[in-house]
Structures are given as C-alpha cells and as structure tokens.
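Just so you know, these numbers come straight off a predicted model, no measurement behind them. Convention: sequence-line order gives letters A, B, ...; per-chain numbering from 1. Heavy-atom basis, side chains included; hydrogens, waters and symmetry copies ignored.
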Amino acid sequence: MTIALIDGNNFYVSCERVFNPRLEGRPVVVLSNNDGCVVARSAEVKALGIKIGTPWFQLRDLARQHGIVAQSSNYALYADMSNRLMAVLGQFSPDQELYSIDECFLGLAGFGHRDLVNYGQAMRRRVRQWLGLPVCVGIAATKTLAKLANHCAKKNLAGADGVCDFGRIDAAELSRLFSAIAVGEIWGVGSRLSRQLAERGIASVEALRQADARILRREFSVVLERTLAELNGISCVTLDEAAPNRQQIISSRSFGSYVHALEPLQEAVASYIAIAAEKLRSRGLLAGMVQVTIRTNPHQADSPQYQRGLTIPLSQASDDTLRLTRAALWGLKRIYRPGFAYQKAGVALLNLSVAGTPQLDLFAQARDNTRLMQTMDRINGIWGRGTLRSAAEGVQQEWRMRRERISPGYTTCWAGLPVARAG
DNA sequence: CTATAACTCTCAA
DNA sequence: CTAACGTTGAGAGTTATAG
C-alpha cells in the first residue's frame with residue numbers, strides 16, 4: 001500500500017494571504033476564537049520563536065516591534081477554502097480520506113512507484129495555481145509514515161522540495177534521517193508520551209522504531225504498539241473514505257467579557273444549541289441527550305471558581321431546536337449559581353442516532369417542529385446563521401466573543417467583497 | 001460478580 | 001482606552017453503578 005498525506009502550509013495564514021496579498025512576506029498570525037491565542041503562524045513568525053497557543057496579549061510588545069499582523073480566525077472562509085482544496089486533491093486519486101480542515105490522505109495503490117515525487121509536485125502545482133495555497137506532500141507505506149514524510153517535506157529534510165517519498169529513500173539513509181527526528185513528531189506521540197519515552201532512552205523516531213513491541217505494549221499501550229508497527233511499514237490504520245457518523249456534537253465558546261447573571265447565560269446556551277442542532281439536522285441525526293456546562297475562568301486562580309455540567313436525557317430523540325433548547329435551559333437553571341464571573345458555556349448533543357429510525361416513545365406527547373426547522377435552516381442558509389432564531393437567543397447578545405480583526409467573508413458573503421467604484 | 005455507564009486523560013488539528 | 005489564555009472530536013483506560 002502506498003499512501004500520500006497532503007497538508008496545507010500554515011493553512012489559516014495562507015487562506016488570509018490569498019485574499020490579502022499585502023500579508024505576503026510579512027509576519028502574520030491567526031488568533032483563536034475570542035482573539036485569545038495564536039493558532040496559526042507564518043514562517044516569519046515561527047522564525048521569531050513564537051509558539052503555537054501563546055496568548056495574544058502576551059505578544060503585544062513583540063508584535064509591535066516586528067510588525068506582526070494578527071487576524072481573528074474566520075472559519076467560514078477556511079472551511080470554504082478547505083472544500084475547494086479537497087475537491088482539487090480528490091482529482092488525484094479515487095481513494096481520499098478527509099482528515100482535517102487542511103489535510104487529506106490519498107490512496108496511491110497501483111500508481112506505480114517511479115513517478116510519485118512528480119505526481120506529488122503536480123498536486124502542489126495545481127493547488128497553488130487554482131487556489132493560491134501552498135501545500136506539502138508526504139508519501140509512504142502507512143498513514144503514520146506518510147505523516148512523517150510530510151513533516152520531512154515541510155522541513156525540507158532529505159532533499160525534499162515540498163514532496164517527500166520514503167519509498168525513494170534507502171534503508172540506511174532512512175535510519176539516519178529518523179535518528180535526527182524527535183519522537184514527539186510522530187503522529188499519536190504527544191507531550192506526555194514523549195517525556196515518558198525519553199525517560200526510557202527513546203528520544204528519536206529511530207529509537208522507537210527499534211524498540212520491542214511487547215515491552216511497548218506492556219509499559220505503554222496498544223496504541224503505541226500499533227504506531228510501532230506502522231513505523232515499520234505494517235499498515236494498522238486503514239484509509240477510511242466514508243466518515244463515520246458523529247458520536248457527539250459540541251458547541252462551546254468563551255464570552256467576550258465575564259457574565260454574572262442567568263439571563264445572558266440562557267441566551268448563550270440557546271444560541272449554542274441552535275448551532276449544534278443545525279449541524280445535527282444537516283447530518284440527518286437525532287440527539288437522545290443534551291449536556292450543558294458552565295465555568296469560571298480557571299486562569300484566574302484568585303477569584304472564586306465554579307464549574308458544573310449536567311446531562312439531560314430526552315424522552316424521545318429529537319432534532320428540534322426548540323425542544324433541545326428547553327432541555328438545555330432546564331439543565332442550566334439547575335447548575336447555575338449566582339455570585340460567579342462566568343467565562344464560558346457549552347452544550348453537547350449526545351446519544352446520537354440516525355433520523356428516520358427513531359426510538360418511539362409510547363407515551364410521547366409533544367411533536368417536533370419539523371417543518372419549522374426546515375424553513376429556518378433554509379432561510380438561515382441563504383441569509384446567514386441567526387437571521388431567524390428563537391427569542392431565547394436574545395437580541396443584544398453582549399456576551400458574544402471578540403473578533404476585532406476579522407477578515408471579510410471573501411468567498412461566503414457578498415458584503416465581504418471589495419467593490420470597485422465607478423467614476 | 002459482570003456489564004455498562006460515566007468520567008478522566010491523552011492526543012490531534 | 002481597558003483587560004485579556006481556543007474549540008471540537010475521538011479513543012483508551014479507570015471508576016462508579018446497576019442488576
């Protein structure tokens with residue numbers, strides 16, 4: 001089996017640059033929701049040593065000093081660019097697994113072996129020409145190795161020019177290459193495992209590859225044992241083209257500023273339910289349980305802390321925003337305590353089942369507002385989310401998150417387009 | 001006791 | 001100007017609970 005992993009370079013930053021070429025060559029970061037932390041960095045920012053996840057307010061001086069441009073994240077834009085990216089890459093293989101917003105695997109079985117580097121370069125050229133986005137390509141025998149090859153392509157290791165095919169590198173050179181890569185770069189090896197492995201003298205990819213499977217199994221987990229097999233070219237993680245149905249749908253956000261009273265919390269929870277329920281319906285699912293959570297700011301250690309959640313089972317699975325909202329607000333009332341500065345609320349839809357095969361409740365009373373929901377989704381699909389919404393979501397919504405540096409919805413909203421004035 | 005639900009921890013992007 | 005630290009999803013392993 002041969003698998004390619006294609007990954008966007010600095011994806012969010014690159015999306016911003018497509019529509020704002022003045023950002024080209026300048027240090028650019030994209031911030032998380034609420035303009036909180038750095039979630040994407042241009043090469044110039046990485047060169048300054050700024051780490052992913054750094055709170056933006058800690059960077060103010062450095063940013064001024066180096067002229068760093070910060071953008072609020074614009075997920076509508078990135079999702080739209082992602083769809084286009086996946087469509088272009090899908091032209092290169094009948095077997096495609098969408099893995100994340102900027103990554104996909106392509107199955108390259110039966111593509112021959114000599115031309116794969118060229119084939120990868122062809123992908124890069126087409127994506128660059130059609131979308132303006134830079135990507136890198138990793139090619140290898142397993143998903144884990146393809147991810148690692150992609151890392152090499154990004155870092156220009158082993159003479160890669162944006163494409164790295166482990167199939168073209170001989171065993172001795174591969175060993176040398178792997179000895180120079182930290183074990184934490186491996187897919188599935190996070191910070192904790194890296195530390196524990198290092199304590200046992202396993203610090204590089206090569207060291208892990210040479211490790212004993214039984215010992216890894218005993219001292220760590222099945223997962224790491226699988227990773228080891230994958231590193232040695234034995235495929236354990238299959239290419240999944242059909243995305244499985246969701247097990248849960250979550251919508252949670254921090255507030256733009258602290259919230260104390262119950263009413264704004266109710267508005268936020270109702271709004272988050274509306275978002276989650278819309279996603280639920282778009283996937284043709286029903287929720288059997290609704291979970292609601294609220295919490296204060298855990299970073300503010302000296303102010304009173306409170307965190308609670310409650311899961312509410314529904315008598316009958318539903319995709320009706322109004323019914324789900326009632327359940328969530330019922331739960332919120334039970335967990336809410338006055339006297340705290342709430343920083344975040346969230347909802348989750350759980351126990352999901354496929355619509356059309358409902359578990360009927362003999363004693364069911366209320367009926368879902370199916371037609372109303374369809375109408376609402378259609379209107380909001382045309383005019384934007386929240387155009388038609390339940391009164392529970394509120395009007396002013398002062399708790400809404402900060403997005404002070406948002407770019408226009410270039411591909412998703414007419415108002416976002418720069419207009420050339422006549423005369 | 002077992003089976004499962006509920007919860008915690010880890011990882012990923 | 002202030003003050004300010006993300007979101008969503010999954011799987012494995014552990015603990016609590018029901019029968």
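- Closest to the A:Leu193 side chain, of the nucleotides B:dC11, C:dG6, C:dC5, is B:dC11.
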Hey, can you pull the donor-acceptor pairs under 3.5 Å for the side chains in residues 138-146 of chain A, sequence neighbours left out?
unit_1, atom_1, unit_2, atom_2, d
A:Thr142, OG1, A:Leu145, N, 3.2
A:Thr142, OG1, A:Glu230, O, 2.9
A:Lys143, NZ, A:Glu97, OE1, 2.7
A:Lys143, NZ, A:Glu97, OE2, 3.3
A:Lys143, NZ, A:Thr238, O, 2.8
A:Thr144, OG1, A:Glu230, OE1, 2.6

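- Distances shorter than 4.0 Å separate none of the side-chain N or O atoms of A:Arg253 from OP1 or OP2 on C:dT7.
- Taking the side chain of A:Tyr258 as heavy atoms from C-beta on, and the options C:dC5, B:dA13, B:dC11, the nearest nucleotide is C:dC5.
- When the nucleotides C:dA4, C:dG6, B:dC11 are ranked by their closest atom to the side chain of A:Ser254, C:dG6 comes out on top.
- Proximity of the aromatic rings of A:Tyr342 and A:Phe255 is defined here by a centroid distance below 6.0 angstrom, and this criterion is not met.
- For A:Leu59 and C:dA3, the CG to P distance is 18 Å, given to the nearest whole Å.
- Under the Watson-Crick or G-U wobble criterion, with both distances below 3.5 Å, C:dT2 is left unpaired in every strand shown.
- Nearest-nucleotide positions on DNA chain C place A:Ile249 closer to the 5' end than the other of A:Val223 and A:Ile249.
- Across the protein-nucleic acid pair, A:Asn74 atom CG and C:dT7 atom P stand 17 Å apart, rounded to whole Å.
- Nucleotide B:dA5 is matched to C:dT15 when pairs are restricted to Watson-Crick or G-U wobble geometry with both distances under 3.5 angstrom.
- Note on A:Asp102: only backbone sugar-phosphate atoms sit closer than 4.0 angstrom, heavy atoms only; bases stay farther off.
- Side-chain proximity of A:Ser252 to C:dT8, C:dA12, C:dC5: nearest is C:dT8.
- One finds no side-chain N or O of A:Lys279 lying less than 4.0 angstrom from the OP1 or OP2 phosphate oxygen of C:dT8.
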Check: Should A:Tyr99 and A:Met86 be marked as a side-chain contact (heavy atoms from CB on, under 4.5 Å) after you check the CA-CA gap, both sets of side-chain angles, and the distance that decides it?
Finding: CA-CA 10 Å; A:Tyr99 177 66; A:Met86 297 310 164; over 6 Å; no
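- When the nucleotides C:dA12, C:dC5, C:dG6 are ranked by their closest atom to the side chain of A:Arg226, C:dA12 comes out on top.
- One finds the CG atom of A:Leu197 at 6.0 Å from the CG atom of A:Leu208 (value rounded to the nearest 0.5 Å).
- Atom CD in A:Gln247 sits about 15 Å away from atom C1' in B:dC7, given to the nearest Å.
- Across C:dA4 and B:dA13, the matching P atoms stand 32 Å from one another, rounded to whole Å.
- In this entry the distance linking CG of A:Leu224 with C1' of C:dG13 reads 15 Å, nearest Å.
- Residue contacts for A:Ile101: at a heavy-atom cut-off of 4.0 Å it reaches no nucleic acid atom on any strand shown.
- Comparing C:dC5 with B:dA12, their P atoms sit 26 Å apart, to the nearest whole Å.
- Atom P of nucleotide C:dG9 and atom OH of A:Tyr75 are separated by 13 Å, given to the nearest angstrom.
- A:Gln291 has its CD atom 10 Å from the P atom of B:dA6, to the nearest Å.
- A:Ile186 comes within contact range of the sugar-phosphate backbone alone, with a heavy-atom separation under 4.0 Å but no base atom that close.
- A:Asn351 places no side-chain N or O within 3.5 Å of a backbone atom of A:Ala287 that could act as its donor or acceptor partner.
- The shortest distance between the side-chain N/O atoms of A:Arg246 and the OP1/OP2 oxygens of C:dT8 is not below 4.0 Å.
- Straight-line distance from the CZ atom of A:Arg402 to the C1' atom of C:dA3: 7 Å, rounded to whole Å.
- Nucleic acid contact class of A:Tyr99 (heavy atoms, under 4.0 Å, all strands): sugar-phosphate only.
- In this structure, A:Phe111 has its ring center at least 6.0 angstrom away from the ring center of A:Phe92.
- A:Leu31 comes within 4.0 angstrom of nothing in the nucleic acid, heavy atoms only.
- The CD1-P distance, from A:Ile250 to C:dT7, rounds to 11 Å in whole Å.
- Looking at heavy-atom distances under 4.0 Å, A:Thr311 makes no contact with the nucleic acid at all.
- At a threshold of 4.0 angstrom between heavy atoms, the contacts of A:Gln343 are confined to the sugar-phosphate backbone, with no base atom among them.
- The listed nucleotides are C:dG13, C:dG6, C:dG9; the one nearest the side chain of A:Gln248 is C:dG9.
- Of the residues listed (A:Glu44, A:Lys154, A:Lys46), the one engaging A:Asn10 in a side chain to side chain donor-acceptor pair (under 3.5 Å) is A:Lys46, and it is the only one.
- Counting non-hydrogen atoms under 4.0 angstrom, A:Ser251 reaches the backbone sugars and phosphates but no base.
- Residue contacts for A:Trp56: at a heavy-atom cut-off of 4.0 Å it reaches no nucleic acid atom on any strand shown.
- For A:Asn34, no side-chain nitrogen or oxygen approaches OP1 or OP2 of C:dA4 to under 4.0 Å.
- Proximity of A:Gln300 to the phosphate of C:dA4: a side-chain N or O atom is located under 4.0 Å from OP1 or OP2.
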